[in-house]
J.: 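My questions all concern the structure below.
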Amino acid sequence: MSGCELDFGFERLEVYKRALEFANVIYETTGGFPKEEQFGITSQLRRASLSISLNIAEGSGRYNIPERRQFYRVSRSSINECVPLIEISCKQGYIDSNRRDEFRKECVELAKMISGLIKSLPTKD
C-alpha cells in the first residue's frame, strides 16, 4: 500500500493490480501521442484502460453475485475496447509494433484473469 491505513479487498487481487498498472502504462504512453488526438484516441484509450480496474473495484463491492459478475464482464469488455484502439495507434505511427504486441499480450492476460475471476464466483446467490 502507499501508506494508506485502509485496505480494500479488491486491492489484493492480482488482476486488479495488473489492470491498474496497464492503465498507468497506457497513460504514460498516450502522453506522447499528438496533441490533436487529445480528445480522440488518447482520451478513449485512457478511459477504456482505466475502466478495467474501476469495474473490478466496483464489482468487488457488490454483494449480489449477478451484479458482481456483470461488473467483471464490463471490465473484460473494456479490454476488448482497448484492442482496436491499440491497433489504430500502431497504424497511425503513435506506437511501434513491439509496443502494440506488448499491449495486446497484456490484454490477453488480463482477459484470462478476469474470466477466471468470473468463474470463481458461486453459481447460486
Side-chain angles (χ1 to χ4, degrees):
M1 294 279 72
S2 59
C4 202
E5 295 296 320
L6 294 175
D7 180 64
F8 294 92
F10 64 84
E11 292 176 300
R12 291 188 297 270
L13 295 172
E14 189 60 31
V15 66
Y16 169 79
K17 293 175 190 175
R18 292 228 358 215
L20 207 57
E21 182 56 26
F22 178 71
N24 189 55
V25 173
I26 290 291
Y27 265 73
E28 290 172 355
T29 301
T30 56
F33 282 18
K35 183 89 169 136
E36 64 267 16
E37 286 297 346
Q38 180 178 357
F39 300 108
I41 293 172
T42 300
S43 174
Q44 193 72 16
L45 187 51
R46 284 179 171 189
R47 284 183 287 129
S49 67
L50 189 56
S51 178
I52 301 165
S53 59
L54 292 174
N55 279 289
I56 291 169
E58 189 165 356
S60 295
R62 301 297 172 130
Y63 294 104
N64 180 297
I65 298 300
E67 283 184 30
R68 185 179 294 190
R69 186 177 290 113
Q70 183 57 31
F71 276 98
Y72 293 162
R73 286 178 177 150
V74 170
S75 180
R76 193 173 52 197
S77 293
S78 293
I79 296 168
N80 292 344
E81 187 177 352
C82 289
V83 173
L85 291 163
I86 290 165
E87 189 63 35
I88 197 68
S89 296
C90 183
K91 289 182 181 293
Q92 290 295 308
Y94 305 153
I95 58 174
D96 64 26
S97 59
N98 289 332
R99 191 65 156 162
R100 177 201 60 205
D101 294 347
E102 290 170 9
F103 284 149
R104 288 178 62 92
K105 183 178 178 185
E106 187 61 13
C107 285
V108 168
E109 290 303 312
L110 285 168
K112 286 179 183 177
M113 292 174 84
I114 292 170
S115 291
L117 190 59
I118 292 168
K119 288 178 185 171
S120 76
L121 296 172
T123 54
K124 297 190 187 248
D125 284 342

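As the structure is a prediction and not an experimental result, all values here were calculated from the model.
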J.: Between Thr29 and Ile26, is there a donor-acceptor pair closer than 3.5 Å when you use the side chain of the first and the backbone of the second?
T.: no
J.: Out of curiosity, Arg76 CZ to Ile56 CD1, how far, rounded to the nearest 0.5 Å?
T.: 11.5 Å
J.: Identify whether Phe8 and Leu50 are in the same connected component of the hydrophobic contact network (ILVMFWY, side-chain heavy atoms under 4.5 Å).
T.: no
J.: Would the number of heavy atoms belonging to other residues, nucleotides or ligands and lying under 6.0 Å from CZ of Arg104 be above 12?
T.: no
J.: Does the side chain of Gln70 reach to within under 4.5 Å of the side chain of Arg73, using non-hydrogen atoms?
T.: yes
J.: With side chain to side chain donor-acceptor pair (under 3.5 Å) as the test, pick out the partner of Thr30 among Arg46, Gln44, Gln38.
T.: Arg46
J.: Taking Glu37 for its side chain and Pro34 for its backbone only, find out whether a donor-acceptor pair lies under 3.5 Å.
T.: no
J.: Looking only at side-chain N and O atoms, does Ser115 offer a donor or acceptor that is under 3.5 Å from a partner on Tyr72?
T.: no
J.: Report the distance from atom CG of Leu110 to atom NZ of Lys112, rounding to the nearest 0.5 Å.
T.: 11.5 Å
J.: If you group Ile, Leu, Val, Met, Phe, Trp and Tyr by side-chain heavy-atom gaps below 4.5 Å, do Leu20 and Val108 land in one group?
T.: no
J.: Looking only at heavy atoms, what is the nearest atom pair of Pro122 and Arg69, with distance?
T.: O-NH2, 2.9 Å
J.: Give, for atom CD1 of Ile114 and atom OH of Tyr16, the distance between the pair rounded to the nearest 0.5 Å.
T.: 12.5 Å
J.: To the nearest 0.5 Å, how far apart are OG in Ser77 and CD1 in Ile52?
T.: 10.5 Å
J.: Measure across Ile79 and Cys107 and return the closest heavy-atom pair with its distance rounded to 0.1 Å.
T.: CG2-O, 3.4 Å
J.: Report whether Ile118 and Phe71 are members of the same hydrophobic cluster (ILVMFWY, side-chain heavy atoms less than 4.5 Å apart, transitive linking).
T.: no
J.: Just verifying a value: how many Å separate Cys82 SG and Arg47 CZ, rounded to the nearest 0.5 Å?
T.: 11.0 Å
J.: Return the minimal non-hydrogen interatomic distance between Ser78 and Ser51, and the atom names on each side.
T.: OG-OG, 2.8 Å
J.: Nearest 0.5 angstrom please: Ser89 OG to Leu45 CG, how far?
T.: 5.5 Å
J.: Tyr27 and Ile41: same hydrophobic cluster, using ILVMFWY side-chain contacts below 4.5 Å?
T.: no
J.: Backbone N or O of Gly40 within a donor-acceptor pair of the Ser43 side chain at under 3.5 Å?
T.: no
J.: Transitively linked via ILVMFWY side-chain contacts under 4.5 Å: Val15 with Val74?
T.: no
J.: Please work out which of the three classes, parallel, tilted or perpendicular, describes the rings of Phe103 and Phe22, given edges at 30° and 60°.
T.: perpendicular
J.: Kindly indicate, with the supporting measurements, whether the criterion salt bridge (charged side-chain N to carboxylate O under 4.0 Å, His left out) is fulfilled by Lys105 and Glu109.
T.: CA-CA 6 Å; Lys105 183 178 178 185; Glu109 290 303 312; over 6 Å; no
J.: Would Lys17 and Glu21 pass as an ion pair if we require N to O under 4.0 Å?
T.: no
J.: Checking Arg100 side chain against Ile88 main chain: does a donor-acceptor pair fall under 3.5 Å?
T.: no
J.: I'd like to check Arg99 versus Val25 (side-chain heavy atoms, cut-off strictly below 4.5 Å). Are they in contact?
T.: yes
